[in-house]
Each structure stands twice: as structure tokens, then as C-alpha cells.
Amino acid sequence: MQNPHAEYIEELLEGLNEPQREAVTHGEGPLLILAGAGSGKTRVLAHRIAYLIHTDQAQANEILAITFTNKAASEMRERVERLLGHATRGMWLMTFHSACARILRTDAPRLGYTRQFTIYDQADARRLTKRAADAVGVDPKRYTPAALNNQISAAKNQLRDAAEYRSTAAGPFEEMVADVYDIYERDLVRMNAMDFDDLLFRVVNLLELFDDVRERYTEMFRHVLVDEYQDTNHAQYRLLQLLVGGGRAPGGGEGEGGRPSYAGPIGHRNLAVVGDDAQSIYSFRQADIRNILDFQEDFPDARVVKLEQNYRSTETILSAANAVIANNRGGIAKRLWSELGQGEQIHLRGLDDEHAEARYVVGEIERLLDEGAARSEIAVLYRTNAMSRVIEDTLVRREIAYQVIGGTKFYERAEIKDAIAYLTLLANPQDLVSFTRIANSPRRGLGATSLARVISHAQTLDVPIWEAAASPQEVPGLGAAAVKALDRFMSTMHELRELSGEAPIAELLESLLSQTGYVEALEAERSIEAQGRIENLEQLVEVGREFDTAAAPGDGGLDVFLQEIALVADADTRSDDAGLITLMTLHNAKGLEYPTVFIAGCEEGVFPHSRALDEGGLEEERRLFYVGITRAMRALYLTYARRRAVFGASTIGLRSRFLDEIPAEVLDEPLESVFRPGLGSIGRRAMHGAGAGENGAAAPGAWREAARDPTGPVTAYRLGEDIVHAGFGEGVVTGVEPGGVIVVRFAADGSERKLMAEYAPLQRR
DNA sequence: ATCCTGATTTTTTTT
DNA sequence: AAATCAGGAT
């Protein structure tokens, strides 16, 4: 019997290599795809989804596919639709957080929330944590709300609620956090609100508490696929187990047993995960690399597919990446290879300070553009958002168009948050955070004292803040002026609430901004800044208009709009506009690729970051460096600055230890990069000699021979260099550590010794 | 209630 | 260097 789709399926598998094919055509049961960087995992995922639908193993609406960003999700959806030739409405293709918000929009009432619950972002969560900390009497100098909230967030991501946290709290600090956690949690519930972590946690609660709900979703999602599995946290792990069943001890108990055994309820176990342990970079967000490392223990019958052929980068770039990651212990052995040829060497430059670094980067960008490169082919990556500024300044000066991903996000701008807070209060009258945000914005004479009175009145009566504010004359101690101001404010809000039932979002926003006097107040300022804010608000109205036209019928409510924009990540706003250079942190670059990549700020303390250097942090920093390197397709530039302004003060920086983990033969590093200024006549002569390039950098390769000259002054030894020691004989450099220490393995007895490069009797051979 | 000023803090990384 | 915050003046 000929399958009518046979040719189509053949077409679907065309151009895939053997392991990719295996992953795509794998049928039921657990599947682990270990996908090295650039090995075509997005492609495999898209093809697998299309394959499942084509072979009738699943309908589109029976698939749950989790990606790391909304942007990745919509790109994936496009790919799948192109493969299938038709739309995929009904397929759940989104982030963990979006999927959870969507589940909760249906089922949150089971847990005592309304469907209009508010999602608080990190800033809101911190504000609420501060309130809780104040109530507990925490010394705000010793413990910042951010630090406290991080503790709470970490607990939630491990599915530990306030009571559980208290029961295991050890020491006074954790006791105190437990107190804060209690109040914070109580406030959230009272305000019908959830933070980001709650979205996951509450869905886990929902599925654990209500068998009927769990069954509904397990039956609904016959196939679950997860991208970037190495960066899932415990809550996400548990969620997956509840959805697909199984986990440890397949066929084991009904799941009601002890907690620490993760045996979930019995399910179809159709879980396909894709990831790369070498790219795990979110442990600060409680991502647990063990989720991917232990997958085969969780599912002993899992099919495991390794994708090691890289279709993205040159061999030069890959050998750098492989050499760097080899310095980490453990991990799943992989060796990326590619057929794309050696390509050009990796450009490594040391510059005097961050301004020189920016000038060098932008100078090279200009050169590349002159040679015909498109701006969209170039990305500049850095460790921290603050580092974008200097580069931005330089780009502006040279009039090169760029986009910055991250940093101050659109939805975090004060005016945008205000406008959204108005909408949020209309949807959720219990939302105290939104109320306090907008009650006096624009100024209407409602100061902190008056607001505190209204709030405490609402809390004594245990009624929503909206209700308490609606009858200001009943608030004890409220001055006559304040009563009047509140009265006016609330009558506007009541009018808007009427409107919110029927009007489209864009219209509601527009009337809100005019009726509350918000835009008027900005216009009155008559400043450029205020004008910018007004433009931002216009942009927000535009977002609303797009939502109005795009939203599926019956799914276009205010609550849906608010919950959607609460989960917009900045990475989602990345434009593919061919006319823009892209600037972003290394974290934001995950999953992306560019023909030319710059990694700036390769200095000790910056990258690896000084605050990451304790417990195991170094390996994660190295993975981050690995992620950065493997973003590059053809050209990679690494730069560091010998001096850098940190907090306005100039600081001396040493080149990153990661640079010395890259094999010398793939690097193109001019001499004056290696020699620190004033280190001797040869260094200085090099500066004058071979013709310093436009930005003070010598022409590539000019002094490479000199750098190898064994009689020259001590230069940094690099990984893999062959040396001769006067006492121990021949050996090879197997490690380079900061402080001029190198590790050498000697051929004679195979021993490894640490030596001071400068003083040991060493020679290159 | 609002504005001004000086002190303090900020930089990991993000859904 | 810039942003936020507390305290005090208006």
C-alpha cells in the first residue's frame, strides 16, 4: 500500500544527514538530541514537527513545542508552515512561560485566581519584595530587595513554596528570607498576581493537584518537543514530567509517592529534547545542566542522537571552540567538525582602552561594509549590557545604523510601564502595584501619605484597592484635597473600565492616554525627552493596533493582550532588517549566527566576569565564551582593552585567560597586542615598524614570524605549543593560567607540571 | 506635595 | 559616568 505522502516525506528528509534523519523520523518514546553548535538543530526540530504531522502521528494541535524565545518560536512556526505548505493554527509553539500563561488563562480559577491575573515582571517583583522586606523590618542596607528576590526566585524555580522554604531554612539569613517570602507570597495572592516564576510553579501545582486537568493536557499534547533543554530548570523539568509521564523508573508507581523520586504519572513519554550541555549558560536562573546530563537515566530507553557536523562555521573557528571547551571537565564528549574549509584566521587585538577598542571594532566594521558586507551580517557581542554604550557612541559618530538587544527595554520605559499599569488596573482591580504606580502619574496631588492611607484602608477591609479608592470619603484621615483628587481619578477610571469591555485595545489606550491627562502632562513639559516619551506611547498604541487585527476571534481580550506583552523578551524585538548592525550580550546571542562576530571585552574580570569566578562559575563563563565563538560563521574578532572605565573609574585589565586557550595557529595577533606598552625596545619598534594600521593595529600577520622567534623576549605561551625544558626535556603546553603559570606535559614520563613561564628554563621548539 | 541636592550605588547574565 | 535615593528646603 503506497503511502500517498511518500514523495512528500522523501522530500522532507532530503538534504538531512544520517543522524538528523534519525532524529526526525524517530517515532514514539523519549528522544535526546545532543546537538552541537550550528549542527542544524532548529532544522531538525522543524522537520520533525512537520514529519509527525505528515505521517499522521500527530495533528498540529497535539504538539507542544517549547523554544527559548518567542522570536525563535515564530521563526520555527514559519519554517514548519513552509515545510507543510499550510498554516499550523492550534499548534502550541512558544516559550515555557507563554505556554504556562496560556494554560493559566484557562485554569487559574482552579487555584483561586481570576483569568485576568496580572503578571509581574522582575522590576514589579522587586518592588513587592521591598514592601515585604520593609514589613519584616529587614535592614535595606544589608539586604537589597534584588538579593532577597533572587533567593525567593531560586526557591520557586526549585518548586519550594514559602512553607517549604521555612521548614528547611538554615541560619538567620534564610529565616529572614522565609519571613519575606511569606509576606511576598501573601501579597501576590491578594493582588491576584503572579511573578515569572509563579507561571511555572502554579502550572505544576495545577497538574499535581487536579488529575482531570492533567489528563486534559497530557491527552492534548501527544508530542512534546523542547529546544535548549540544557537551560531548563527544575520547575520546567517537573512540568515536562507531568505532561509526558515517566521520568525515572518508567512504569513505576502512580507518582503519588515520595517527593524526591521524580517518577511522574504514567504517560505517553513522547518527549523529544534538543540541547547541548556545552552551551548551558543560565545557571543563575536555576537552569540545571543535570537535566540534560541525566536524561538517559531519567529515560533509560531513550534514543540518543548526536549531531556533530557543523554547517555554520569554518574549521578555524571550530578548532578554537573545541580547544576552549576542552578546558572544562565533564560534559558529554562531542567534537564538532565542518566541511567549510579553514577560512580566515581569528583576529585577536589588544587595545589601550575601551574607546580604542570601540574604534578598532567600528573601523573593521566600516572596512567590511566597504567590501560589500551587509550590516545584518555583523554582530558585536559583549559580557554586560553596560559595555554597549561606548560602541554605540562610536557607531553613532560614524553614522552606522545599529540595533541593541537588551539593556533598557521598550516595555521597561517608565511611560510604557505607566500606560500598561493603567490597562492592568482596568483588567485586575486588585492590582495594588499598578494602582500605586499610576495613582499620581501624571501628578494629580495624590502623594505618598494619601496613598498609604488608601492602601491600608483597603487592607483593613480586605477589599480590592479599586473598591477602597472608589469611595475616598470613607478613607480615614484623608485630606479634603486628596479625597477630591482621588474621586476625579476614579471616575475617569470607571469610564475607561466601561470602554475596556467593548473597545479594541488601541482605541482604549488612546482614550486612556488623553482622558487621564497623561499625554497632556508630557506635552506641557515641552522637552525633547518628553517628545520621545510621547513617541514611545504612540508606538505602544501601534502594538495594540497590531494585536487588535492579529488576534484570533475570542482571544483578543485585554487580559490576553496584557499577558502577552508581559512575556515579550527583548530578544523577541530583534529585527532582521538588513540595514542594522546588531549589538547584544553573549547571552542574548544564543541560538543566533552571523557571518562576522566581534567579541569585545575579553579581559579578566570582565570575561570571565569577576562575580562569576567562584563555585563552578568559571566553567559556565567558558561555555559562554564557547557560545560566543560558535556564533561566527566566517570571521571572528576578539578584542580586549588594557584599561577600561568601570563605574567611571579607570581600571587595569589583563587579557582573558580564555584567549590563551585558543591554539596559536588559528590566531592572527599582531605583536604589539602581546607586548604591553613600555615592555622593551622590540615592542616599541614593532609599533613603528610594520606600519601600524588605521587604528593603531598592525597589518595582519606582519610580525607573526617575530612572535615565534625563540630568542625574543618571553611572550605568552599558548595552548598546544611544543617546548623543551632544560631538566625535563620535551613537552607540550596543556594549560595556561593567569599569573604567567603554564601547565606542561612532558613526553619523557607523561607527567604534568606547573611552571612559571618567565623563569623556567624553557625554549620553544 | 513637590522639588532640589548631595550621597550612594551600579555591572553579570534574563524569561 | 549615570541613575537612583534619602533627606531637607520650599
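Proteins come first, then strands; the chains are lettered A, B, ... in the order of their sequence lines, and each starts at number 1. Because only heavy atoms are used, hydrogens play no part in the values below, and waters and symmetry mates are left out as well, while side chains stay in.
- Closest non-hydrogen pair, A:N440 versus A:G445, comes out as OD1-N, 3.2 Å.
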Can you give one letter per nucleotide of nucleotides 2-10 of chain B, 5' to 3': B if a protein heavy atom sits under 4.0 Å from the base, S if only from the sugar-phosphate, - if neither?
-> SS------B
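- Shown here are the ring pair (Phe, Tyr, Trp, His ring centres under 6.0 Å) partners of A:Y382, two or more places apart in sequence or in another chain: there are none.
- Taking atom CG of residue A:L381 and atom P of nucleotide B:dT13, one finds them 14 Å apart after rounding to whole Å.
- A:S98 comes within contact range of no nucleotide atom at all, as no heavy-atom separation falls under 4.0 Å.
- Distance A:R622 CZ to B:dT13 C1': 18 Å, rounded to the nearest Å.
- As rounded to whole Å, 11 Å separates atom P of C:dA1 from atom CZ of A:R389.
- With sequence neighbours excluded, no residue forms a ring pair (Phe, Tyr, Trp, His ring centres under 6.0 Å) with A:F410.
- If you measure from atom CG of A:L478 to atom P of B:dA1, you get 9 Å, rounded to the nearest angstrom.
- Partners of A:E593 according to the salt bridge (charged side-chain N to carboxylate O under 4.0 Å, His left out) rule, which considers only residues two or more places apart in sequence or in another chain, are A:R312.
- Each side chain to side chain donor-acceptor pair (under 3.5 Å) pair with one or both residues in residues 94-105 of chain A, not counting sequence neighbours, appears once here: A:N70-A:S98, A:T95-A:S98, A:R105-A:Q563.
- Scored by the salt bridge (charged side-chain N to carboxylate O under 4.0 Å, His left out) test, A:R623 finds A:E620 as partners (sequence neighbours excluded).
- Contacts of A:E354 classified as salt bridge (charged side-chain N to carboxylate O under 4.0 Å, His left out), with partners at least two apart in sequence or in another chain: none.
- Taking side-chain N and O atoms only, A:N385 has a distance below 4.0 Å to OP1 or OP2 of B:dT14.
- Contacts between residues 275-284 of chain A and DNA chain B, defined by a heavy-atom separation below 4.0 Å, involve A:Y282, A:F284, listed by number.
- Checking the phosphate oxygens (OP1, OP2) of B:dT15, no side-chain nitrogen or oxygen of A:T69 falls inside 4.0 Å.
- Atom CE in A:M387 sits roughly 11 Å away from atom P in B:dT13 (whole-Å rounding).
- Counting only residues at least two apart or on different chains, no salt bridge (Lys or Arg N to Asp or Glu O under 4.0 Å) pair has a member in residues 440-453 of chain A.
- Scored by the salt bridge (charged side-chain N to carboxylate O under 4.0 Å, His left out) test, A:D559 finds no partners at all (sequence neighbours excluded).
- Atom NE2 in A:H97 sits about 9 Å away from atom C1' in B:dT14, given to the nearest Å.
- Phosphate contact (OP1/OP2 of B:dA1, side-chain N/O of A:T449, threshold under 4.0 Å): present.
- C:dA6 and B:dT11: their C1' atoms are spaced 23 Å apart (whole Å).
- At a threshold of 4.0 Å, the pair A:D418-A:R437 counts as salt-bridged, since one of the basic side-chain nitrogens sits closer than that to a carboxylate oxygen.
- Looking at which nucleotide of DNA chain B each of A:D197 and A:A645 is closest to, the 5′-most match is held by A:A645.
- Contacts between residues 581-590 of chain A and DNA chain B, defined by a heavy-atom separation below 4.0 Å, involve A:T585, A:H587, A:N588, listed by number.
- One interatomic measurement links the two molecules: CZ of A:F196 to P of B:dT14, which rounds to 13 Å at whole-angstrom precision.
- Residue contacts for A:Q122: at a heavy-atom cut-off of 4.0 Å it reaches a base atom on one of the strands shown.
- Listed by chain and residue number, A:F68, A:F284, A:H587 satisfy the ring pair (Phe, Tyr, Trp, His ring centres under 6.0 Å) test with A:Y282 (two or more places apart in sequence, or in another chain).
- You'll find the ring centres of A:Y143 and A:F173 inside the 6.0 Å limit.
- Rounded to whole Å, the distance from CG on A:N150 to P on B:dT13 is 12 Å.
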